[in-house]
Asker: 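Dropping the structure in here first, questions after.
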Amino acid sequence: MEVKSDEHCLVLLKEGNEDIYRYLIRVYGPVLCSYVEKIVFDRAAAEDIVEDIFVKLWEKHTVFDSLLGVRKFLYMAARNASLNFKRSKEREKTKHDAFSRLSTETISIDEIIYAELMAEVRSAIDSLPHKMRKIFIMGYIDQLSNQEIAAQLDLSCQTVRNQKTKALTIIRGLLKGHPGDRIILYITLLLAIRGKL
Amino acid sequence: MDEKKISEALYIASLIKKQVNKEITAEELASLRAWIADSSGNEKIYREIASGEPLRTDLLKLEHYDTNKLTQNIFRKAGLSLSLADQVPGEDHVSRSKNKHLYWTWAAAAAAVFFAVALCFKAMESRTTPEKRLALNDIKQKSLAPGSNKAILTLADGSQVTLDNNSHDTLARQGNSTAIQHKGGLLAYSSPINLLPATVAYNTIVTPAGGRYEVVLSDGTHVFLNSASSLKYPASFPDSQREVILTGEAYFEVAHLLSKNGHGKRPFTVKIVLPSGDGGEVNVLGTHFNVMAYANESAVKTTLVSGSVDVHKGNSHVLIRPGQQAILSNNLNKPEVREADLEQELAWKSGKFVFKSTDIRQIMRQIARWYNVDIIYQGDMSGIRFSGDIMQKENAAQLFEILEADGRLHFSVTGNRVTVSRVSK
């Protein structure tokens, strides 16, 4: 599913569009599950918690005024629900209370940043049609030749070539490369970061 | 408080996304930089993200969650009706499918897109064609590993010993002094005090390109030998003087030593040998300094960190103070003195390349010595200079990516040969 922008996504969500709801689940579901699982250490519980969060999101889908608000809601809800789950578990066995508290009460910014970037990539992938995705991978990941791909998928070489080009165009479009007038700043930043090890 | 932190994280994530998409404004870049500079923790986070690897692995781990099942459960709990596509793993779903092949396909696609993102992180030009991006992928695979601790020691009897991080044992007795090789790239000599050798036995340590080694001489002087260099020294110093012979580059921490009669200090002399002949000598008492005397560099540079040194060539000599540098150009006989950039001159000792508007050829000579490669140039390299620093433990491919990023140069690697080409406008 191609979502043009955050604004586009928000409009559809507020309209109650179920496809955008599915899209958000596909993009954010696993990301949030992983985030929650890191706190609760329980796969099934994590999935359960995330399911409930999405249900809440649907219940209040009209109230958001930005996608940033949606994101904040998702992470806040994930965090609160995880901590509540942990605390109720800990109440059952209070022995190692203090220690595990310490490790979970501090929020780690990096996990949310990671989660957000992963969501970005998932959303880029989400827009590639299945067949194109497959050709793209066989060509650029498995590094098969066009002939090999064509033979395996029973397609013509020309189709394979076209699909590869198209996939790249789509992905590049998503990554929106603008001619690099800011590139120098950017390199400087990179070098600055790398230097300070 | 939690909410504030989540907002902060979302804001930084949005800046990084903009940076990847090259949509970031100068102000936003400034605030991203400020955030990175704010704490070493932030810097670490950013560096990890820019390296790409943890993110890629995490991305693949997400595939363990079944998005179809998730969608079905959520729809059920929310009281929504499922469509047919939700029940049958649809082809257009970003989801783990029951079909194993599809599952892996998706995971690999995630990695592919991620790779494209990672390339953007590495400042790929948007006008670079897809083919070029993938060519970079090739460079990565043919990665050139950075150098490490290795050297060859030639003992007085002519026998040779290979030194590296793995070997550690007492090598041989050289007259009265013992050569000991420790773990971790350090060769140390110990000599019984006041017992001077009857004859001077010379040892030579040679580092290859991509090798470095640290030696502690019998007088306690530390010598850090850079790549493609050699040092010849007595296994045990005679009383009269301390003299070593250097080719290439080394950093010396000379130990103060009184002469045997107790009057005055015993001088320490570094004789510099160039293929063209005498490269002068450096006379010191006890100081820290660096001597760079590579045959393919245009001058011998002696850089003083502490104490004082006297740099000789023929009949002329200069005395330099800490922070200064004596430069002996190959075609001149008299050393010149100037203020040194210690960070840049000593960067190699701290495992870094530091470039400050450094000419590409000079950069490549350093790369050649550290990654043990030959360099070939194609096109006009004049006026191409770079500034910045990078850790030497990085793979060469990473460095090439950065040097390629402003679109002026292209690097290709074949075996041990790196071809640097000027990209035509």
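The chains referred to below are lettered A, B, ... by the order of the sequence lines, with proteins before strands, and numbering in each begins at 1. All values below were derived from every heavy atom in this structure, side-chain atoms included, with hydrogens, water molecules and symmetry-related copies excluded.
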Asker: For B:A13 and A:L117, work out which heavy atoms get closest and say how close.
Answerer: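 Closest pair (atom of B:A13, atom of A:L117, distance): O-CD2, 4.2 Å.
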
Asker: Just checking, any donor-acceptor pair under 3.5 angstrom between side chains of B:Q72 and B:N68?
Answerer: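 Not at all, the side chains of B:Q72 and B:N68 share no donor-acceptor pair under 3.5 Å.
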
Asker: When the ring planes of A:Y75 and A:Y28 are compared, do they come out parallel, tilted or perpendicular, using 30° and 60° as the limits?
Answerer: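 Perpendicular, since the angle between the ring planes exceeds 60°.
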
Asker: Which of residues 47-54 of chain A have a heavy atom under 4.5 Å from any heavy atom of chain B?
Answerer: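 A:E47, A:D48, A:E51, A:D52, A:F54 fall under the 4.5 Å cut-off.
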
Asker: For the residue pair B:W35 / B:E8, report whether a side-chain donor-acceptor contact shorter than 3.5 Å exists.
Answerer: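 The answer is yes; a qualifying pair exists.
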
Asker: Please determine whether side-chain hydrogen bond (donor to acceptor under 3.5 Å, both in side chains) holds for the pair A:S5 and A:E7, giving the CA-CA distance in whole Å, both sets of side-chain angles, and the decisive distance to 0.1 Å.
Answerer: CA-CA 5 Å; A:S5 62; A:E7 291 74 30; 3.3 Å; yes

Asker: Let me know if A:E18 has heavy atoms under 4.5 Å from chain B in its side chain, its backbone, both or neither.
Answerer: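 Looking at A:E18, backbone and side chain both touch chain B.
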
Asker: Pairing donors with acceptors under 3.5 angstrom, does anything connect the side chains of A:S34 and A:Y114?
Answerer: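 Per modelled atom types, A:S34 and A:Y114 side chains form no pair under 3.5 Å.
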
